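Since the structure comes first, as structure tokens, the remarks are kept for the end.
What you see is a predicted model; the values in this text were computed from it and never measured.
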Amino acid sequence: MPTDPNQLSNLLIIGVPFSEAARERLSAHFTTITYIGSTDTPVTDEQYAKADVIYGYPINTIQSASHVPRLKFIQLTSAGSELVLASPLLKDPDSKHLTICSASGVHTTAIPQHFIATTLALFHHLQEQIVTSYVEKRWGSRTEMLGEQFGHRELCSQTVGFLGYGHIGREAARLAKAFGANIIAATSSGTKRPQDGYIIPGFGDPDGSIPSAWYSTTDPSSLATFLSQSDVILMSLPSTPSTYKILNAKTIAHLKNSAIVVNVGRGDAIDTDALVAALDEGRIAGASLDVTDPEPLPDRHTLYGRKNVIITPHLCGFAAGYYDRVVDILIVNVQCYQEGKSLLNVVSRERGY
């Protein structure tokens with residue numbers, strides 16, 4: 001056993017890609033690194049018993065805190081933590097001393113770029129033009145693509161509403177602002193707050209100064225005002241009881257019929273039936289969905305094949321260098337632990353994220 005209570009000796013890595021470069025970086029902080037590359041490969045009781053830190057996804061293989069007596073914290077590779085919070089280990093009352101750290105902030109660059117790309121694709125009717133040129137192999141007409149519109153929409157002068165204003169929302173707001181959009185934000189507190197957790201210098205909105213107005217998701221009147229003012233909605237919410245189907249038949253009714261809904265957070269933040277009805281009836285203009293409910297979206301689902309809906313299979317955050325950034329977060333948290341400081345991206349069991 002380490003004599004220094006802040007010393008970390010054994011790192012156990014489960015089910016995530018792990019390069020030699022990452023091993024070299026982490027070797028400066030751990031005496032032993034045990035790598036289990038696949039979640040299908042059994043982890044021995046001895047390996048669990050020796051682990052000071054677990055990096056990866058030990059979802060249902062640890063049954064109790066007694067299984068991991070030396071464990072100090074778990075570093076996830078995802079921003080979401082709902083699966084781990086529902087695991088047997090975290091249900092054990094004796095696990096309350098364990099810290100769970102998310103990888104929030106790792107998507108800071110990739111997902112906001114996806115948001116801009118798909119929003120502009122919907123504004124520019126790129127889906128229809130791609131089908132015409134790639135599938136039908138012909139030259140389309142302006143009337144065919146744009147209908148009675150003179151031209152396509154621009155982000156300039158549009159109001160973009162951010163439902164959730166964490167790392168993803170803040171960087172997406174910075175990018176949208178650069179296009180000339182007006183930015184508003186809705187959060188549980190409804191107040192301007194500085195950015196915390198893992199921050200990539202030069203990105204995001206550290207002091208929360210970009211939005212021109214803030215609204216509360218816990219106040220129905222405030223949320224209704226937020227939705228009614230938004231030309232584009234970016235949803236980057238975690239999966240919690242308070243966010244479950246926050247966009248439903250009642251709240252969708254506050255949206256403009258020209259509104260675009262983009263969801264990059266969790267699929268269950270949207271009532272899918274209500275979204276389909278709004279699209280069918282022309283009460284919103286379109287949607288871009290990287291996450292869905294259910295997920296994966298079943299074959300032949302009615303959301304497929306629509307000219308005004310872009311569906312991507314929960315891939316928008318997986319950019320090159322993804323796991324290098326997660327290792328960055330892990331190393332910062334190891335250093336914080338060794339120095340007796342607060343860790344980054346600590347998951348609140350009460351809030352669910």
inquiry  = Less than 4.0 angstrom from a charged side-chain N to a carboxylate O is my criterion; do D328 and R25 meet it?
reply    =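 Counted as a salt bridge, because a side-chain N and a carboxylate O are separated by less than 4.0 Å.
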Is [Y] close to [X] at the side-chain level, that is, under 4.5 Å between some pair of heavy atoms?
{"X": "V16", "Y": "Y323", "answer": "yes"}
{"X": "Y165", "Y": "R170", "answer": "yes"}
{"X": "I100", "Y": "L76", "answer": "yes"}

request  = Grab the two heavy atoms, one from Y353 and one from S188, that are nearest each other, plus how far apart they are.
outcome  =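 Scanning both residues, the minimum pair turns out to be OH-OG, 4.4 Å.
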Is the number of heavy atoms from other residues, nucleotides or ligands under 6.0 Å of [X] [atom1] greater than 12?
{"X": "Y244", "atom1": "OH", "value": "no"}
{"X": "E339", "atom1": "CD", "value": "yes"}
{"X": "E24", "atom1": "CD", "value": "no"}

Y337 and its side chain to side chain contact (heavy atoms under 4.5 Å, CB included) partner, picked from V332, D52, L8 =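 It is L8; the other options fail the test.
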Tell me which donor-acceptor pairs under 3.5 Å the side chains of residues 176-185 have, and how far apart each pair is, sequence neighbours excluded?
residue: N182; atom: OD1; partner: S212; partner atom: OG; Å: 2.8
residue: N182; atom: ND2; partner: T159; partner atom: OG1; Å: 3.3

Below 3.5 Å, can you tabulate the donor-acceptor pairs from side chains in residues 253-263 to any protein atom, sequence neighbours excluded?
residue: K256; atom: NZ; partner: D231; partner atom: OD1; Å: 2.8
residue: N263; atom: OD1; partner: G265; partner atom: N; Å: 3.1
residue: N263; atom: ND2; partner: R266; partner atom: O; Å: 3.1

task = Determine, using the 4.5 Å side-chain heavy-atom cutoff (strictly less than), whether L234 and I284 are members of one ILVMFWY cluster.
result =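 L234 does not cluster with I284.
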ask   = In terms of hydrophobic clusters joined by side-chain contacts under 4.5 Å, are V276 and V291 together?
value =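 In one cluster: no.
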ask   = Aromatic rings F18 and Y55: how do their planes relate, parallel, tilted or perpendicular, breaks at 30° and 60°?
value =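 It falls in the perpendicular class, over 60°.
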key: Mutual orientation of the aromatic rings belonging to F226 and Y215 [parallel < 30°, tilted 30-60°, perpendicular > 60°]   =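 Rings of F226 and Y215: tilted, as their planes differ by 30° to 60°.
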ask   = Knowing that exactly one of F203, F115, Y322 qualifies, which makes a ring-ring contact (aromatic ring centres under 6.0 Å, His included) with H107?
value =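 In the set F203, F115, Y322, the residue that makes a ring-ring contact (aromatic ring centres under 6.0 Å, His included) with H107 is Y322.
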message = Enumerate the salt bridge (charged side-chain N to carboxylate O under 4.0 Å, His left out) contacts for residues 304-325, please, sequence neighbours excluded, ordered by first and then second residue.
response =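 For residues 304-325, and leaving out neighbouring residues, the salt bridge (charged side-chain N to carboxylate O under 4.0 Å, His left out) pairs sorted by first residue read D280-R306.
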